[in-house]
Amino acid sequence: MATWSAPGKVFLFGEHAVVYGKPGIAMAIKPRVFVTVRRGRRTTELKSAYLKECFRRLNVKGSIYVRSQLTSSSGLGSSAAVTIATLSAINDEFGLSMTRDEIARTGYEIEKKVQMGLASPTDTYVSTFGGLVLVTQESRRMLPPRNLPLVIGNTGVPHYTAQMVNHVREMVKSHPGIAKPVIDAIEVVAQEALRSFEDLKRLGWLMDVNQALLEALGVGHPALSRLVVAARTAGAFGAKLTGAGGGGCMIAICPPRLKNRVAGAITACDAEAIITTIDTEGARRERVG
Ligand code: PMV
């Protein structure tokens with residue numbers, strides 16, 4: 001029997017613009033998915049297409065138990081975390097000797113297949129390696145880890161990544177003179193953020209600017225705006241949606257002493273609040289018993 005876990009992720013800066021070759025900054029977060037795999041004569045009936053595909057690709061049979069601290073379909077990378085924890089547990093239980101790189105790559109291929117081609121390697125990479133990651137279309141690079149005091153607010157409004165990516169694509173096609181400079185400005189904000197990790201106040205301001213630019217691209221949602229405003233009013237340095245938008249989650253960067261107050265303001269809007277920070281570990285073996 002082998003138990004492994006893998007973290008979820010947030011986009012700090014640059015979502016949507018990464019689709020157009022601009023830099024994005026993503027970070028692994030503390031809530032995790034835990035998966036136990038035990039070898040067996042046959043594979044138990046699996047509802048999740050991700051889990052089915054993990055067993056099929058690695059050509060093994062057995063039973064699986066999944067426990068998640070992440071809400072699914074909220075933009076926190078829960079499907080990638082499930083996939084990476086499952087591949088890691090199968091790798092361990094069956095002694096397959098896959099490297100972390102191979103696990104990240106296989107996880108991405110599985111996401112791409114299950115999501116019919118619409119997956120970026122960001123979630124599976126961040127979930128495998130943890131930490132702070134600079135994402136471009138062709139590459140992913142680890143940045144020095146930073147202990148950012150974050151509060152996540154989950155609107156509970158379902159979030160459809162493909163739909164939001166298509167929405168931006170339509171705007172780029174129909175109004176290139178408006179959409180392209182907005183995407184260019186998101187790039188400048190991400191570049192500025194890369195130089196501002198020592199200064200939480202500045203990082204918060206950059207998040208506010210990034211939020212306005214994402215709203216200009218039409219990927220905001222009234223439920224997200226409500227949480228963003230509530231977090232700022234409660235003292236956050238800044239706040240923005242994270243991931244595809246149109247629902248899902250927002251993040252706020254806070255003075256450490258105000259994390260609970262910001263979380264309270266989010267909960268008061270009938271949303272789920274998660275106080276978190278960076279997870280530098282990525283996929284890891286869990287002790288059981
Ligand atoms: O909502 P998520 O976590 O699936 O993030 C989507 C981020 C996009 O930039 C909109 C798309 C992508 O694949 O990078």
Side-chain angles (χ1 to χ4, degrees), residues 7-17 24-31 69-78 126 132 145-159 161 164 182 185-186 189-190 192-194 196-279:
K9 70 99 200 26
V10 289
F11 255 99
L12 295 177
F13 293 95
E15 52 273 89
H16 285 289
I25 306 171
M27 189 178 89
I29 49 167
K30 291 282 181 202
Q69 298 171 336
L70 289 162
T71 318
S72 62
S73 307
S74 61
L76 299 181
S78 80
V126 174
L132 193 60
R146 308 282 173 169
N147 211 357
L148 300 179
L150 279 190
V151 179
I152 299 171
N154 185 357
T155 60
V157 176
H159 147 118
T161 301
M164 301 323 290
V182 174
I186 292 178
V189 168
E192 182 85 26
L194 284 172
S196 308
F197 275 104
E198 297 299 333
D199 184 346
L200 295 185
K201 223 170 163 179
R202 189 167 183 79
L203 222 46
W205 169 70
L206 289 166
M207 279 189 179
D208 289 348
V209 177
N210 199 156
Q211 168 68 10
L213 294 166
L214 286 164
E215 283 186 345
L217 289 179
V219 297
H221 187 281
L224 284 167
S225 304
R226 192 162 170 235
L227 300 189
V228 163
V229 170
R232 288 176 191 159
T233 310
F237 286 131
K240 63 180 273 295
L241 67 85
T242 182
C249 291
M250 51 71 73
I251 49 173
I253 191 156
C254 308
R257 67 191 166 81
L258 291 184
K259 282 189 291 193
N260 283 316
R261 195 159 97 185
V262 171
I266 288 170
T267 316
C269 297
D270 291 329
E272 180 198 9
I274 306 168
I275 296 176
T276 189
T277 185
I278 191 166
D279 189 317

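Because the structure is predicted, anything quoted here is derived from the model rather than measured.
- A donor-acceptor pair is defined here as one N or O able to donate and one able to accept, closer than 3.5 Å; no such pair exists between the side chain of T161 and the backbone of A244.
- Remark: K30 NZ to I152 CD1 distance equals 12.5 Å, nearest 0.5 Å.
- Residues F11 and L241 fail the side-chain proximity criterion, which asks for heavy atoms closer than 4.5 Å.
- Side-chain N or O atoms of K9 include one that pairs as donor or acceptor with a backbone N or O of G75 at under 3.5 Å.
- Summarising the geometry, atom OG1 belonging to T277 is positioned 4.0 Å from atom CG belonging to N147; distances are rounded to the nearest 0.5 Å.
- Every residue was checked against the side chain to side chain donor-acceptor pair (under 3.5 Å) condition with S74, not counting sequence neighbours, and none meets it.
- Of all heavy-atom pairs between V157 and A223, the closest is CG2-CB, 3.9 Å.
- Contact detail for S72 and S78: the closest heavy-atom pair is CA-OG, 3.3 Å.
- Between I29 and I278, every side-chain heavy-atom pair lies at or beyond the 4.5 Å cut-off.
- Without hydrogens or angle criteria, T155 side chain to G248 main chain gives a donor-acceptor distance under 3.5 Å.
- Side chains of I186 and H16 form no contact here, defined as non-hydrogen atoms less than 4.5 Å apart.
- With a 4.5 Å cut-off on side-chain heavy atoms, F13 and M207 count as touching.
- We find the CG-CG distance between L227 and D270 to be 10.0 Å, quoted to the nearest 0.5 Å.
- Minimum heavy-atom separation, C254 to K259: CB-CG, 4.3 Å.
- Between the CG atom of L150 and the CD1 atom of I274 there is a distance of 11.0 Å, given to the nearest 0.5 Å.
- The nearest pair of heavy atoms linking K240 to L214 is CE-CD1, 4.2 Å.
- Note: R226 CZ to I266 CD1 = 11.5 Å, rounded to the nearest 0.5 Å.
- Residues P31 and T276 have side chains in contact (heavy-atom distance under 4.5 Å, counting atoms from C-beta outward).
- When all heavy atoms are compared, the tightest approach of A236 to P255 is CA-CD, 4.3 Å.
- A 4.5 Å side-chain heavy-atom check between T71 and L76 finds every atom pair outside the cut-off.
- For R146, the salt bridge (charged side-chain N to carboxylate O under 4.0 Å, His left out) partners two or more places apart in sequence, or in a different chain, are E198.
- Listed by first and then second residue, the side chain to side chain donor-acceptor pair (under 3.5 Å) pairs involving residues 211-220 are Q211-E215, E215-S225 (not counting sequence neighbours).
- Screening L224, V151, N154, T242 against M250 for a side-chain contact (heavy atoms from CB on, under 4.5 Å) leaves a single residue, L224.
- Of the options L132, L203, I253, a side-chain contact (heavy atoms from CB on, under 4.5 Å) to L12 is made by L132 and by none of the others.
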Full working for side-chain contact (heavy atoms from CB on, under 4.5 Å) between H159 and M164
CA-CA 9 Å; H159 147 118; M164 301 323 290; over 6 Å; no
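- A donor-acceptor contact shorter than 3.5 Å links the side chain of D208 to the backbone of A239.
- With rounding to the nearest 0.5 Å, the separation of CG in L148 from CZ in F237 is 11.5 Å.
- Residue N210 comes nearest to G14 through the heavy atom pair OD1-N, 3.4 Å, listed as atom of the first residue, atom of the second, then distance.
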